[in-house]
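Here the structure is laid out as structure tokens; the discussion comes afterwards.
For reference, positions follow the sequence shown, starting with 1. Side chains included, hydrogens not; waters and symmetry mates left out as well; all remaining heavy atoms used.
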Amino acid sequence: MQATVEWTGPGGMAFLAHADSGHALVMDAAPDIGGHNLGARPMEMILMGLGGCSSIDVVMILQKSRQDVRSCRVEIQAERAAEDPKVFTEIHLQFFLEGKDLDPRRVAHAIQLSAEKYCSVSIMLGKTAQITHDYTITTVD
């Protein structure tokens with residue numbers, strides 16, 4: 001796996017990132033340190049990566065266990081250390097799942113498997129942060 005991050009140039013703190021999958025995105029610093037709010041902050045990208053990684057796992061595990069999951073959203077709240085390096089110290093993922101007759105035990109198990117076995121992002125972040133999870137299930141016809 002490779003990535004390239006390139007500064008867009010003088011007058012700002014925006015960077016263009018390219019992944020070896022062929023996708024690109026813009027990252028920018030906060031305005032108080034020279035950014036222009038042109039993209040997500042790098043630490044926000046980490047939280048988004050965590051949400052994506054965990055959600056992919058949860059949906060795949062539920063589908064493999066023949067659960068009729070229709071939607072999955074995760075909201076993430078995080079706290080960072082006050083001093084540099086300002087690593088994440090606490091992260092909470094709140095999953096919102098919709099489906100027909102979703103089994104709460106299978107949902108909880110899918111989230112646990114993602115957190116403890118499959119989600120590389122979660123396992124890496126767990127080295128510095130306490131990560132907690134919760135979920136809400138909405139039944140649809």
Side-chain angles (χ1 to χ4, degrees), residues 1-65 67-141:
M1 184 176 288
Q2 289 182 278
T4 303
V5 178
E6 184 176 359
W7 183 37
T8 61
M13 281 301 197
F15 292 80
L16 185 57
H18 292 273
D20 62 356
S21 62
H23 298 283
L25 54 90
V26 174
M27 291 183 285
D28 199 0
D32 62 334
I33 61 168
H36 297 288
N37 207 30
L38 299 174
R41 313 291 181 264
M43 293 299 281
E44 292 172 330
M45 300 285 300
I46 291 171
L47 289 181
M48 289 187 277
L50 170 61
C53 184
S54 296
S55 295
I56 289 168
D57 290 341
V58 168
V59 169
M60 285 179 58
I61 293 165
L62 290 173
Q63 288 175 334
K64 285 181 182 177
S65 64
Q67 293 292 290
D68 188 0
V69 61
R70 307 278 177 91
S71 73
C72 176
R73 183 178 90 248
V74 63
E75 295 178 3
I76 306 164
Q77 297 289 325
E79 298 293 328
R80 294 176 66 186
E83 302 294 324
D84 289 326
K86 295 177 182 166
V87 298
F88 291 115
T89 57
E90 295 179 33
I91 303 171
H92 181 73
L93 290 87
Q94 174 72 43
F95 287 87
F96 295 89
L97 296 130
E98 289 186 358
K100 185 173 181 182
D101 300 322
L102 291 178
D103 181 344
R105 291 171 304 173
R106 290 184 187 238
V107 169
H109 186 64
I111 292 169
Q112 179 184 8
L113 281 174
S114 174
E116 295 176 2
K117 184 174 183 180
Y118 294 115
C119 179
S120 305
V121 180
S122 179
I123 292 164
M124 279 193 306
L125 289 173
K127 304 292 184 190
T128 63
Q130 177 183 355
I131 303 175
T132 56
H133 305 81
D134 204 358
Y135 63 89
T136 301
I137 297 172
T138 303
T139 301
V140 296
D141 293 327

Find out whether [X] and [Y] are in side-chain contact, i.e. whether some heavy atom of one side chain is under 4.5 Å from a heavy atom of the other.
X: Ser71; Y: Phe96; value: no
X: Ser54; Y: Val121; value: no
X: Ile131; Y: Leu93; value: yes
X: Leu97; Y: Leu62; value: yes
X: Met60; Y: Lys64; value: yes
X: Asp134; Y: His92; value: yes
X: Tyr135; Y: Pro104; value: yes
X: Val74; Y: Gln94; value: no

What pair of heavy atoms forms the shortest contact from [X] to [Y], and how long is it?
X: Leu38; Y: Val26; result: O-CG1, 3.8 Å
X: Ser55; Y: Phe95; result: OG-CE2, 4.1 Å
X: Gly39; Y: Arg41; result: O-NH1, 3.2 Å
X: Ala40; Y: Met45; result: CB-SD, 3.7 Å
X: Ala115; Y: Ile123; result: O-CG1, 3.6 Å
X: His18; Y: Ala24; result: ND1-CB, 3.6 Å

Please report the interatomic distance [atom1]([X]) to [atom2]([Y]), rounded to the nearest 0.5 Å.
X: Ile76; Y: Met48; atom1: CD1; atom2: CE; result: 9.0 Å
X: Ile61; Y: His109; atom1: CD1; atom2: NE2; result: 7.5 Å
X: Lys100; Y: Thr139; atom1: NZ; atom2: OG1; result: 10.5 Å
X: Cys72; Y: Asp57; atom1: SG; atom2: CG; result: 10.5 Å
X: Thr138; Y: Arg70; atom1: OG1; atom2: CZ; result: 12.5 Å
X: Arg73; Y: Glu98; atom1: CZ; atom2: CD; result: 8.5 Å

* Among Glu79, Gln130, Met43, whose side chain to side chain contact (heavy atoms under 4.5 Å, CB included) with Phe88 holds? ->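 It is Met43; the other options fail the test.
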* Val58 and its side chain to side chain contact (heavy atoms under 4.5 Å, CB included) partner, picked from Leu113, Val107, Ile111 ->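 For Val58, the side chain to side chain contact (heavy atoms under 4.5 Å, CB included) test succeeds with only one of Leu113, Val107, Ile111, which is Ile111.
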* Count the heavy atoms belonging to other residues, nucleotides or ligands that lie under 6.0 Å from CD of Glu6, then report whether that count exceeds 12. =>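 12 or below, so no.
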* Return yes when atom NE2 of His133 has more than 12 non-hydrogen atoms of other residues, nucleotides or ligands closer than 6.0 Å, and no otherwise. =>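 Counting neighbours around NE2 of His133, more than 12 heavy atoms of other residues, nucleotides or ligands fall under 6.0 Å, so yes.
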* Taking only residues two or more places apart in sequence or in another chain, which ones pass side-chain contact (heavy atoms from CB on, under 4.5 Å) with Ala17? ->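 Once residues adjacent in sequence are excluded, the partners of Ala17 under the side-chain contact (heavy atoms from CB on, under 4.5 Å) criterion are Val5, Leu25, Met27.
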* Look at the side chain of Gln63 and the backbone N and O of Val69, then say whether any donor-acceptor pair between them is shorter than 3.5 Å. =>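 Checking the backbone N and O of Val69 against the side chain of Gln63, no donor-acceptor pair under 3.5 Å is found.
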